[in-house]
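Structure record follows, encoded as C-alpha cells.
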Amino acid sequence: MKLLHVRDVLKREENIQRAEVEYDIIQELGDKTVRYAILSHRWEDGSEVTYEEMIGLMKMDELKKKEVRDRSGYTKIIKCCEQAIKDDYEWLWIDTCCIDKRSSAELSEAINSMYRWYQDAQVCYAYLNDVTEPTFPTERNGRTYDKSGGWPEWFMRGWTLQELIAPKRLEFFNKDWAPIGNKQHLAPVLEVITIIPRGVLSDGPVGKRLSVARVMSWAADRRTTRVEDRAYSLMGLFEVNMPMVYGEGKKAFQRLQLEIIRRSSDHSIFAWCLLKPRTGSFLADDPSDFRCYGHIRKVEPKEFGDKLVEHITQRRLDAPQHNSWKILTYPIHRCRLAWLRWRARALSQQLRTFTVGNAGIQVCLPVIPYSDSPTHFKAILACTDGAGPALVTIDIAFSGFGIYREPIDFDNIRKALKVYPEFQTLHLTHNQDVNENRRKFTLDDKHASYHGFTRCSTFPHESTGDAVTLSSLTDGLVVIVYSHKAARSYFAVGLGYYFGQGWVHIVCDEHVPAQEVDWTWFGKRAYDQMWLARAEHARKMSKRGRAHSSRNAHFTKHAHLPRSIWDARVVWGRWEADNFRVTVDVVQCPGCCGGPWEISTTFNDWGGLGMPGPMNTVCRSYSLTLGGWVAEVDGCSGQRIRLGDYGDCVDGILICSGNIFEDMRILGIDPEDSVYCPVVSRVHSEADWWRSCIGFQADVTTVYRATRDTHLALRQAKGISLPTNKHFMLLLKDFSTRLAGKHLVTTIIQCSEFYSVDRAGNRRDSEDDSAPDSGNPRTEAGISTPLCTIASPQVWRRGLPCAQRRERFKSIRWAHGTSSCGMALLMLYLWMQGALLCTCEYHTLLGYLHVYGVDSVLAVSAYGNRMESQVFK
C-alpha cells in the first residue's frame, strides 16, 4: 500500500517556495510491517487532491500550485498529518491521494484491500466536516443536518460503514479538527444512529454470528456517488473479493451476493422485501431491499431440524381437521416429526452447500404446496424472524424456465395446505435478465381530458410520456392519478405486469377532500391496494382473454366515480398483441354501471384506418387502402347512405334515424367549421397486382373481396371519413346518452362508376346478391356511394341499468322532495334562457337531471370559450 510520510509532507509545506528541494512524500510499504494512521472522511466534489497532484505539486507553476493548496481537501491532508504527528505516527493513508486511480489494477487492489487496511491501522481519524459544535451530536437535528436524516453526513455514506466497523480505535473530529469522542465511548449513540449493535462497534464483527440480512440492513439507507460502489463498499464486511467493473450498474450488487453465496450457507440472503417482494430473481437489487430486516437470525444446519419441528408445531402444519382424529393418530404425528428432524440432519451437508451455475442457485429447502396452484409453493429458509421459533418463509413459483421468487398474496396465505414440508433440491433464478419479459403499455388518456380530468401524478416514479414499459421480473406496476380539481373528483388507473400477464385496474376514493389533495399520497395508497391484489387482477384478465379468442376482442373495466355522474373507463386489447394499448376515458353515467371494477367485452378495431375513438366495425366485405391505411368496408345494398348517418343496424343494414351533421345545425354548431369537416382520402387497391390484371388505368381502383370470385372496380374513387380530432370525439360523447346503442356511418367511398370484375380482371355483369347495387342512389350528379363503413362507437355503448343504483336514486328523490326538483327545473329554465353556468353549477344541474330522471338529454359543445346548450325532449 502507498503511505504518506507525514514529516516529509509537513516539511514540504514549510518549504513550499523552494522548488529545488525534492521530498519522497509517498512510499510503497507493507501494511503488516509498519504502524500507520488512516483517515475516514466525506469526499467533497472538486476539492480533493489526487495522487498525481500530490506528488507533482512542487513542479507546478505558481498559479496551479496556489489553486491546489487553497482546496479544502489539501487543508484536510495537512491537518490530518499534524494530528498524526501529535499521536506519534510517521505514516498516514488517505484514499484521495494514496491511490493512483489512473491504474485500474491499483484501484481494484485498493478497493479489495481497503477493509483490511482500516482493520490493521493503529488509529482511524473520522473527520466530520459538517459538525461545527465542540461536542459530538447525540440527538437527531433535522435543521442542521437536513440532507442526511438529522445526523452528520458521514453516517449516510456507503464507504464509511466499513470504515466505522473495521478499525479497532476510531477518533472523531469536527470541522476545526477538534476531537469530539471515540468509537468505544460513543457506542450507545452510534448504535442509535447506525442500528449496528454496540458489541460490533466495540469489538468488531468476528464471532458475532451475524446474518447476511442483518449486515445488509446496516447499509440500507446509505448512499454512494456511483451505483457500483453500493456493492464494492460491502466486500470487506462479507470477506469476499471480486473485480471492479465500473459501468455495470446494479449488476455489481448481484455479483456481490453470488460471491457471498459461494462462501456462505446463510439463507437470510434471500430474506429481503418479505412483505412486498418483486417477481423474478431471488437476489435483491440493492441493500435497501433489506431495510427493516436487521432482526433476521441465521440458523446453522445442525440446528435446522429442531427449528423446523418447532416451526411446524407453532404453525400447526401437523394439525388435522378434527381433534379426535389427532388424539387417535398422535403417535403417527410424533413419528413424522422425528423423521423430519432426522431428514434435516441427514441433509445438513446439502443445507450448507450452495452451488451457483447457469441453471440458477442450487439449494436444498423444505417446501409446502399451495392448495389452489400446482406450481406455487412456500419455501422455508434456515433463518428466524427475530429470537422466536418461527422460520422465515418465501413464496416461489415453478415455470418452464426455472423457479422464480413469487410475491406473497395475503389472500392465498390461508390456502397453503396444512401438510408436512418436503425437502427438495431447487434451482433458484438469480439472473434478472434471463427469460425476462418486457411489455410496453401505450397509454391514450386524451379522452379523459374532455371532461376536465387531467393526469396529475404517477407512482412509484414520475412519468410524463404516453408509453410505460414493465418487466415481469421487477415491480411491474405503475399507477396514474387523474383529477378534476373543480369537481373534487379523482381516480387512479393501475397498469401491471404479473407473471407474464398484463392487467389494468381502477381505484376510486369515497373520501370527500376538504382541501387540495396530495396526489402522491393518494397514488401510493392506490399502489399499495392494487399491489396486494395484483394476482387476482391478472387472473381475471387472463380468464377473460381465454374466453374470447378473437384478436379484435377488447375489454372495458369501469368504475362509477363517487359523488358525480361520471364513469371512469379503461379499455384495453388482448394481452397477446404486440402493442398493448390502454385507453382511459371518462363518460357521463346514466346509471347503468353495476359498480366498480366490472369488466365487459367489446370488439374494437384499433388497427388500420383512424376513427373518432374506439369503434367496432359491423361488416367487412371489401378491403382497400384509404389514405395509406388498410380499411375494411361493406356494400351499401341500394341504400342512400351519407357520412354521419346513425341508427339501428340489423343484419348489416342501417335503419337510419338521423345524421350527426344535421343535428349539429339544430344545435347551432356550424358543421362547415374546419374542426368538423370530413377527411377526404385517396383510394388505392390493397394489392398492387390488381393493376396488372385489369391493365393500367389511372382512374380505376379495384377493391378486393376475399370470400368471392368477383371483386369491385371503382372509377375516380375517393374516401370521405369522419374527423378524428378531439372536437369531434367530444361531440360523439355529447350525443352518447340520446344515441346509446346506435350505429354510425364513419366512412363512405364515392366514385363516378363502379362495376364487378373477376379474378382475371375482366369486367362482368354482377349476379351476386351481395355486390353493391348498381342502382345505388347518387348523392350528387354523377357520383355514387357504393361502399361504406358502419361502426358502433364505444362511447355510445351502454349496459343494462343497475337496479341497485336506480333504487338509490329513487330514495334520494323521496328524501329531497320537490324542493330539490324545483331547484333543478329552475336551473334548467335559466340555462335554456341563455344564462351562463359555471363549471360547478353545470355539473350540479347534470346531477339533478341524473338523480330525478328528468326526461331530457343534454348536448353540450365546447365552442371556443363559450358553452352552447340545447335540450332534446
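Keep in mind that the numbers below use all heavy atoms, side chains included, and drop hydrogens, waters and symmetry copies. One is the number of the first residue; the rest follow in order along the sequence.
Of the candidates Y127, W177, W154, W154 is the only one forming a ring-ring contact (aromatic ring centres under 6.0 Å, His included) with F172. For the side-chain hydrogen bond (donor to acceptor under 3.5 Å, both in side chains) criterion with S40, the lone passing option out of E163, R157, E171 is E163. Checked options V131, L186, T135; the residue passing with I180 is V131 (criterion: side chain to side chain contact (heavy atoms under 4.5 Å, CB included)).
For the pair W93 and L3, the tightest heavy-atom approach, listed with the atom from each and the gap, is CB-CD2, 3.5 Å. When all heavy atoms of C81 and V6 are compared, the pair lying nearest together is O-CG1, 3.2 Å. Of all non-hydrogen atoms in I296 and R214, the two that sit nearest each other are O-CB, 4.3 Å. E139 and W151 get closest at one heavy-atom pair: C-CH2, 3.4 Å. Nearest heavy-atom pair across S217 and Y293 is CB-C, 4.3 Å. Across all their heavy atoms, S211 and D266 have their closest contact at CA-OD2, 3.2 Å.
A donor-acceptor contact shorter than 3.5 Å is absent between the side chain of Q254 and the backbone of K250. Listed for the R42 side chain is no donor-acceptor partner under 3.5 Å among the backbone atoms of P152. At least one donor-acceptor pair under 3.5 Å links the side chain of T50 to the backbone N or O of E53. With hydrogens and angles ignored, the 3.5 Å screen pairs a side-chain donor or acceptor of S268 with a backbone N or O of V212. Side-chain atoms of N15 come within 3.5 Å of backbone N or O of K11 as a donor-acceptor pair. Looking at T429, its side chain does come within 3.5 Å of a backbone N or O of I403 through a donor-acceptor pair. Looking at H267, its side chain never comes within 3.5 Å of a backbone N or O of L381 through a donor-acceptor pair. Of the possible donor and acceptor atoms, none in the side chain of D176 sits under 3.5 Å from a partner among the backbone N and O of T132. Checking side-chain atoms of N174 against main-chain N and O of E133 turns up a donor-acceptor pair under 3.5 Å. Within the 3.5 Å criterion, the main-chain N or O of F155 finds a donor-acceptor partner in the side chain of R222.
Residues D385 and L391 have side chains not in contact (no heavy-atom distance under 4.5 Å, counting atoms from C-beta outward). By the 4.5 Å heavy-atom criterion applied to side chains, Y145 and P137 are counted as neighbours. By the 4.5 Å heavy-atom criterion applied to side chains, I94 and I77 are counted as neighbours. The shortest side-chain heavy-atom distance between I78 and E82 falls under the 4.5 Å cut-off. Under the 4.5 Å side-chain criterion, counting only non-hydrogen atoms from C-beta, S104 is not in contact with M244. Contact annotation: the side chain of R140 never approaches that of I193 to less than 4.5 Å [non-hydrogen atoms, C-beta and beyond]. When side chains are defined from C-beta on, L256 counts as touching V240, because their heavy atoms get closer than 4.5 Å. Between H41 and E48, some side-chain heavy-atom pair lies under the 4.5 Å cut-off.
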Note to self: With side-chain contact (heavy atoms from CB on, under 4.5 Å) as the criterion, how do R12 and L57 come out once you've worked through the C-alpha distance, each side chain's angles and the decisive distance to 0.1 Å?
What the structure shows: CA-CA 10 Å; R12 188 182 70 171; L57 184 65; 3.6 Å; yes
Margin query: Evaluate I25 against M54 for side-chain contact (heavy atoms from CB on, under 4.5 Å), listing each step before the verdict.
Written below: CA-CA 9 Å; I25 63 170; M54 195 65 182; 3.7 Å; yes
Margin query: Please determine whether salt bridge (Lys or Arg N to Asp or Glu O under 4.0 Å) holds for the pair R263 and E239, giving the CA-CA distance in whole Å, both sets of side-chain angles, and the decisive distance to 0.1 Å.
Written below: CA-CA 9 Å; R263 66 172 303 278; E239 300 180 359; 3.4 Å; yes
Next item on the list: Give the C-alpha distance, both sets of side-chain angles, the deciding distance and a yes or no for side-chain contact (heavy atoms from CB on, under 4.5 Å) between V392 and L274.
Entry: CA-CA 9 Å; V392 175; L274 296 176; 3.8 Å; yes
Next item on the list: Would you sort out whether E248 and E228 count as a side-chain contact (heavy atoms from CB on, under 4.5 Å), showing the intermediate values?
Entry: CA-CA 7 Å; E248 64 177 331; E228 297 85 353; 3.9 Å; yes
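For CZ of R7, the number of neighbouring non-hydrogen atoms (other residues, nucleotides, ligands) closer than 6.0 Å is 12 at most. In the displayed structure, K208 atom NZ is contacted under 6.0 Å by more than 12 heavy atoms of other residues, nucleotides or ligands. When the shell of 6.0 Å around CD of E28 is examined, it contains more than 12 heavy atoms from other residues, nucleotides or ligands. Heavy atoms from other residues, nucleotides or ligands lying under 6.0 Å from NZ of K168 number more than 12. The number of heavy-atom neighbours closer than 6.0 Å to CG of D146, taken from other residues, nucleotides and ligands shown, is above 12. Open room surrounds CD on E52; 12 or fewer heavy atoms of other groups in view lie less than 6.0 Å from it. Annotation for K66: atom NZ does not count as buried by contact number, only 12 or fewer foreign heavy atoms lying within 6.0 Å. Counting non-hydrogen atoms of other residues, nucleotides and ligands closer than 6.0 Å to CG of D70 gives a total above 12.
Relative to the ring axis of Y51, K2 places its NZ or CZ within 45° and under 6.0 Å from the centre.
Salt-bridge check for D221 with R291: passed, with a basic side-chain N closer than 4.0 Å to an acidic carboxylate O. Between D528 and K524 a salt bridge is recorded (basic side-chain N to carboxylate O distance below 4.0 Å).
Taking CZ of F136 as the start and CZ of F173 as the end, the distance is 13.0 Å to the nearest 0.5 Å. In this structure, the separation between CE on M1 and CD1 on I26 is 11.5 Å, given to the nearest 0.5 Å. Rounded to the nearest 0.5 Å, atoms CZ (F238) and CG (L210) are 9.5 Å apart. Between the CG atom in L170 and the NZ atom in K183 there is a gap of 6.0 Å [rounded to 0.5 Å]. Here L39 contributes atom CG and T96 contributes atom OG1; the two are 7.5 Å apart, rounded to the nearest 0.5 Å. Annotation: the span from I260 atom CD1 to L234 atom CG amounts to 7.5 Å, rounded to 0.5 Å.
Checked against the 6.0 Å centroid threshold, Y527 and F459 count as a close aromatic pair. Ring centroids of Y89 and Y36 are separated by 6.0 Å or more, keeping the two rings apart.
N112 and Y232 are not linked by any side-chain donor-acceptor pair at a separation below 3.5 angstrom, with hydrogens and angles left out of the test. Between the side chains of D286 and S288, at least one donor N or O sits under 3.5 Å from an acceptor N or O.
Considering only residues two or more places apart in sequence or on other chains, Q162 meets the side chain to side chain contact (heavy atoms under 4.5 Å, CB included) condition with M114, Y115, W159, L237.
Every pair passing salt bridge (charged side-chain N to carboxylate O under 4.0 Å, His left out) that includes a residue from residues 92-101 is listed here, sequence neighbours excluded: D100-R102.
Ring planes of F354 and F270: tilted class, angle from 30 to 60°.
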